[in-house]
Amino acid sequence: MCADRVSTAVRSRIMASIRGKDTKPELVIRSILHKRGLRFRLHRRDLPGKPDLVFPKHRAVLFVHGCFWHGHNCHLFSMPRSRRDFWQQKITRNCERDLEQRQTLIESGWRVATVWECALMGRSRLHVAEIGEYCAAWLKSEVAELDVRGREAEPL
Ligand SMILES: [Zn+2]
């Protein structure tokens, strides 16, 4: 019961925050990277998936993914009990689209980072310095993909 109540609260918050472009987790990551002197552009519409941050110099993009909408296997995600089929389909579609967009970007020579909400918010969040370090090291590298998730996030 308790877990359900918590996840419902978390979900309402995520749903409320998804409406605006500047969702809080995205502001957090922007601030972390900006403080490290990394420069980026926002929401480039000409790229697949309209990445939240684009680092032209590093030929890299970064997505900040909400764990509910993007079906992350972490503690912030639980399938709603009502209209289960609807949500199942919607979230499955979102995951498929994420994968397609990532592949298209990589095929066009972009590198793709995904920073999950659970790395930025709540009890599983990482220290901001740690996230900054991961992203900065990855940007300087030639590694194609980076995935930053929360510390306590456990597979379902
Ligand atoms: Zn997550």
Side-chain angles (χ1 to χ4, degrees), residues 1-34 36 38 40 42-43 47-55 60-106 110-139 141 143-156:
M1 283 302 270
C2 188
D4 271 339
R5 190 168 50 75
V6 170
S7 70
T8 302
V10 167
R11 193 159 51 242
S12 321
R13 181 174 56 72
I14 295 165
M15 284 175 171
S17 71
I18 203 78
R19 291 181 223 289
K21 268 267 172 249
D22 298 327
T23 57
K24 202 178 170 212
E26 193 191 319
L27 292 181
V28 174
I29 193 80
R30 271 198 231 169
S31 153
I32 292 170
L33 299 181
H34 196 264
R36 290 191 67 104
L38 296 164
F40 44 81
L42 303 174
H43 306 296
L47 291 175
K50 288 180 236 154
D52 297 300
L53 274 60
V54 180
F55 305 83
V61 302
L62 186 150
F63 291 96
V64 181
H65 274 353
C67 296
F68 176 71
W69 292 100
H70 295 270
H72 203 206
N73 61 338
C74 75
H75 74 100
L76 291 184
F77 180 83
S78 69
M79 196 58 76
R81 289 188 174 190
S82 61
R83 305 181 71 206
R84 213 177 168 89
D85 289 349
F86 167 80
W87 287 112
Q88 182 81 57
Q89 277 179 27
K90 185 170 184 65
I91 288 161
T92 301
R93 265 202 312 275
N94 288 349
C95 292
E96 288 167 356
R97 195 162 47 223
D98 289 342
L99 182 63
E100 275 173 29
Q101 288 166 347
R102 238 176 16 249
Q103 283 170 345
T104 307
L105 283 161
I106 287 171
W110 289 92
R111 301 185 300 124
V112 183
T114 306
V115 178
W116 292 93
E117 182 186 21
C118 55
L120 296 162
M121 318 284 284
R123 63 175 161 87
S124 63
R125 72 178 179 273
L126 307 179
H127 194 281
V128 291
E130 201 175 350
I131 298 174
E133 193 54 48
Y134 289 152
C135 293
W138 175 76
L139 283 169
S141 78
V143 177
E145 289 187 74
L146 173 73
D147 191 88
V148 181
R149 63 180 297 155
R151 191 182 305 284
E152 294 168 58
E154 287 157 16
L156 292 173

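For the numbers below, each heavy atom of this structure counts, side chains included, while hydrogens, waters and symmetry mates do not. Here the structure is a predicted model, which means the values were calculated and not measured. Numbering of ligands and ligand atoms starts at 1, following listing order.
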Discussion item. Tell me every residue that passes side-chain contact (heavy atoms from CB on, under 4.5 Å) with Glu130, counting only those two or more places apart in sequence or in another chain.
Written reply: Leu126, His127, Tyr134, Arg151
Worksheet item: Of all the atoms in His75, is at least one N, O or S atom closer to the Zn ion (ligand 1) than 2.8 Å?
Response: no
Fill in: Metal proximity, Cys118 vs the Zn ion (ligand 1), N/O/S cut-off 2.8 Å
yes
Practice prompt. Looking only at N, O or S atoms, find the one in His72 nearest to the Zn ion (ligand 1) and name it.
Written response: ND1
Worksheet entry | Sequence-distant partners of Glu96, side chain to side chain donor-acceptor pair (under 3.5 Å), two or more places apart | none
Item to complete: Measure the spacing between NZ of Lys90 and CH2 of Trp69 and express it to the nearest 0.5 Å.
Response: 5.5 Å
Worksheet item: For the side-chain contact (heavy atoms from CB on, under 4.5 Å) test, which of Val64, Val61, Leu42 pairs with Asp52?
Response: Val64
